[in-house]
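When a ligand or atom number is given, it counts from 1 through the structure's own listing order. Only this structure's heavy atoms are used, side chains among them; waters, hydrogens and symmetry mates stay out.
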Amino acid sequence: MRKPFIAGNWKMNTDSRGAVKLAESIVRDCGDTTDSKVDVAVCPPFVYLQAVAGALSSSPVALGSQDVYFEQKGAFTGEISAAMLKDVGCTYALCGHSERRHVIGEADELINKKVHAAVSGGLLPILCVGELIEERKTNKTAEVVTRQMKKGLAGISEAKMPAITIAYEPVWAIGTGLTATPQQAQEVHALIRKLLAGMFSEKLAEEIRIQYGGSVKPDNAAELMNQQDVDGLLVGGASLKADDFVTIIKASV
Ligand code: PEP
């Protein structure tokens, strides 16, 4: 049995007070839901990580970063290393979020280096994959997701894989209000699990959690989570409202 894993990606939102208040409300409203039934993480902007870590301390809600750089230290202006993220209390790191891929222009090779750096630095990467609307319309979803999986996980050993979560996020569903139907999500999640079985082993594929992301809301969370290969959710907009995020968490157990 894979334990559900719900993560909130706050993107470039909140301010220092708002970030702490949001984290405090999530911790309070989750109550004991998170204790053993579901893993929960929030990914605030880098500058608020430390403040949010304080608000999450002694709670089961974990801290994640929205990105990580692959070098350990040095002349990389503006970048943040895995060691720095560990140092401020991060457990998880998003790698290859669609906005990093398609707004900032990150390629699979760079994302792969970030996945390696996160694992070596003791973080648990969430590798995001997903197709653009043109790719879905031209039946290229499987090809794109296969390429992103193979390139994103290149050189990662089976022994290291349990540290990694995959997030399937169709780009056309992110921040658009368009959610993949549960069947569309299940179809790609099953493909991802099959890819993992081929790249590693059936046993490993059964262990790895695959989150769905793309306009997840309180009213569609349960149906998405009911799909056999949907093990969690990566939530953007709805994670900025404690009520909505906690409703999603509770709908997932
Ligand atoms: C995301 O940021 O990963 C995301 C899925 O955003 P939203 O839930 O707003 O579509």
Report task. Please work out whether the ring planes of Tyr212 and His189 are parallel, tilted or perpendicular, with thresholds of 30° and 60°. Result -> tilted

Evaluate [X] for polar contact with ligand 1, using N/O atom pairs at a separation under 3.5 Å.
X      : answer
Glu169 : yes
Val235 : no
Ser215 : yes
Gly236 : yes

Query raised in the report: Should Arg100 and Leu94 count as side-chain neighbours, where that means a heavy-atom distance under 4.5 Å?
Result: no

**Report entry** Any Gly175 heavy atom less than 4.0 Å to ligand 1
**Finding:** yes

Query raised in the report: Applying a strict 4.0 Å limit to heavy atoms, is Ser98 in contact with ligand 1?
Result: no

Query - Contact partition for Ala238 relative to ligand 1, non-hydrogen atoms under 4.0 Å - result: neither

Query raised in the report: Backbone, side chain, both or neither: what part of Asn9 comes under 4.0 angstrom of ligand 1, heavy atoms only?
Result: side chain

Query raised in the report: Which of these, Gln66, Glu99, His97, has its nearest heavy atom closest to atom 1 (C) of ligand 1?
Result: His97

**Report entry** Co-members of the apolar cluster containing Met1 [side chain, <4.5 Å]
**Finding:** none

Which atom pairs, one a donor and one an acceptor, fall under 3.5 Å between side chains of residues 215-224 and the rest of the protein, sequence neighbours left out?
unit_1 : atom_1 : unit_2 : atom_2 : d
Ser215 : OG     : Ala173 : O      : 2.7
Ser215 : OG     : Gly177 : N      : 2.8
Asn220 : OD1    : Lys217 : N      : 2.7
Asn220 : ND2    : Thr179 : OG1    : 3.2
Asn220 : ND2    : Ser215 : O      : 3.1

